[in-house]
Amino acid sequence: MRAVLICPKEGGRLVRHEMADGTSALHCDLCGRRYPVEHGIADFAEGAYYDQFDESTTLSEAHLEGLRLEIDGASRRINDFYLPLIEGTRVLDCGCGNGISVDLLQDAGFDAWGNDLSALRKWQWRERAHRDRLVVASALALPFPDGYFDAVLSSGVIEHIGVAESANPYRVAPLPDRDAQRAAFMRELLRVLAPGGVLFLDCPNGAFPIDFWHGDAPGKPRFHSTREGFLPSFAEIDALVGGRAEALSPYKRLQFRQAAQHWYGRAFSAPMEWLFRLMRVRGFRWLAKSALNPFLVARASRPP
C-alpha cells in the first residue's frame, strides 16, 4: 500500500529502499529526499515535529491520564458519530492523534489512512494494528495524491493552526499569518478530497465563551474572549470552504465524559444533550452554528 504515498514536497513518486542497517526509507524520484520508515510508519516530518519526545522522555501523571482518556474518546468519535455518516471507500483522518481511528475504520471495511505531526504519536502508533496506514506528516503538506479520498475527517486540528501555545498555565495567541496558514490547511484537505467527496471538520466553538478542551486539566473550563483568535466560529470555517459548510449537531460527538469528572460537567450534561437533540430537529438546526453550541461539527462537499 506504500504506492499511494507521494512526496509532500514535490509530489514525486516514492521508491522504497532497504538500508544496510536493516532499516528502510522512501526516496522521492524527483527531489531525492529520503523519508525513513520505522516500525512500518513512514515519517515525512524531517524532524520538524510540533512536540518533543523520545523513549527516554518521562510523561507526567496528568499527561498519562489524558492519553488514557483519549482511547475511549477516539473510539466514541468514530463508532458513535462518524461511521454512520461516512460514504465511499477511502477515508483520511487528518490529525488522527493516537491512531485508533484508523484501526476502527479499517475494521469497518474502509481504506483508511491517518496522519499527525507528533513524535509522541509516532511512538504510540507502534501499538496500532494498521500502523502502516499512519504517516507522520504536516496537515499543510500531505503525502497523498490529489482527489484520493472520498471522505476526510479532521477533529480538533484547525484551532491549533496558526497559533502559539504554551502550558502551565495554558496560554494561546494568534500568529501574524494565522489566516494564511488556516487557508492553506483547508486547501490541502480539499486537495486530497475527491470531487463530490465530503469533508468533516470539528472543533470547539470560538463563539461560545467556555472552552472545555484546552486548559490546565482535562475537562476544566477555560473562560475566554470570543475575539482571542484561537477557536474558530462557524462563520470562519464556512468562509474557508467557500460558503459551502453545513453545521451538524454534535449529538454523540460530544458526550462530556471528561467534563463529567467535575460537578459542572455532571450538572450540564443532561441539558446539553437535550440541546444537541433539538439541533437535529427541522426549524432548530440553526442552533448548531450559533453561539449556544459549545462544539462545532461542519460538513462540506467538494464540488464535482
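Basis for what follows: all heavy atoms, side chains included, without hydrogens, waters or symmetry-related copies.
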For [X], salt bridge (Lys or Arg N to Asp or Glu O under 4.0 Å) partners two or more places apart:
{"X": "Glu18", "value": "Arg16"}
{"X": "Asp211", "value": "Arg222"}
{"X": "Asp103", "value": "Arg128"}
{"X": "Arg126", "value": "Glu55"}

Residue pairs passing the side-chain hydrogen bond (donor to acceptor under 3.5 Å, both in side chains) test where at least one lies in residues 287-304, sequence neighbours excluded
Glu246-Arg299
Which residue pairs satisfy the side-chain hydrogen bond (donor to acceptor under 3.5 Å, both in side chains) criterion with at least one member in residues 176-200, sequence neighbours excluded?
Asp146-Arg191, Asp177-Gln181, Glu188-Arg191
Report the C-alpha separation of Thr89 and Asp111 in whole Å, then their side-chain angles, then the decisive distance to 0.1 Å, and conclude whether the side chain to side chain donor-acceptor pair (under 3.5 Å) test is met.
CA-CA 6 Å; Thr89 302; Asp111 178 4; over 6 Å; no
Other members of the hydrophobic cluster containing Val172, with the 4.5 Å side-chain heavy-atom rule, please.
Val163, Tyr170, Phe230, Leu231
State which residues pass side chain to side chain contact (heavy atoms under 4.5 Å, CB included) with Arg285; sequence neighbours excluded, sorted by chain then number.
Arg282
List for me each residue that meets side-chain hydrogen bond (donor to acceptor under 3.5 Å, both in side chains) alongside Asn98, sequence neighbours excluded, and say none if there are none.
none
Residues 24-35 vs salt bridge (Lys or Arg N to Asp or Glu O under 4.0 Å), sequence neighbours excluded, gives Arg13-Asp29, Arg33-Glu46
Any sub-3.5 Å donor-acceptor pair from [X]'s side-chain atoms to [Y]'s backbone N or O?
{"X": "Asp116", "Y": "Gly97", "answer": "yes"}
{"X": "Glu10", "Y": "Leu30", "answer": "no"}
{"X": "Asp216", "Y": "Pro169", "answer": "no"}

Within-4.5 Å side-chain heavy-atom neighbours: Cys7 and Pro143:
no
Contact check, side chains of Met186 and Leu201, non-hydrogen atoms, under 4.5 Å
yes
Any pair with a residue in residues 278-304 that passes ring pair (Phe, Tyr, Trp, His ring centres under 6.0 Å), sequence neighbours left out, goes on the list, sorted by first then second residue, please.
Trp213-Phe295
Can you list every ring pair (Phe, Tyr, Trp, His ring centres under 6.0 Å) pair that touches residues 174-209, not counting sequence neighbours?
Tyr82-Phe200
For a quick test of reading the model, state the closest non-hydrogen atom pair linking Leu92 to Phe144 and the distance between them.
CD1-CE1, 3.8 Å
Donor-acceptor pair between Tyr251 and Asp80 side chains, under 3.5 angstrom:
no
For Ser233 and Glu236, what are the C-alpha separation, side-chain angles and deciding distance, and is it a side chain to side chain donor-acceptor pair (under 3.5 Å)?
CA-CA 5 Å; Ser233 66; Glu236 292 174 81; 3.3 Å; yes
Considering only NZ, NE, NH1 and NH2 on the basic side and carboxylate oxygens on the acidic side, decide whether Asp93 and Arg77 come within less than 4.0 Å.
yes
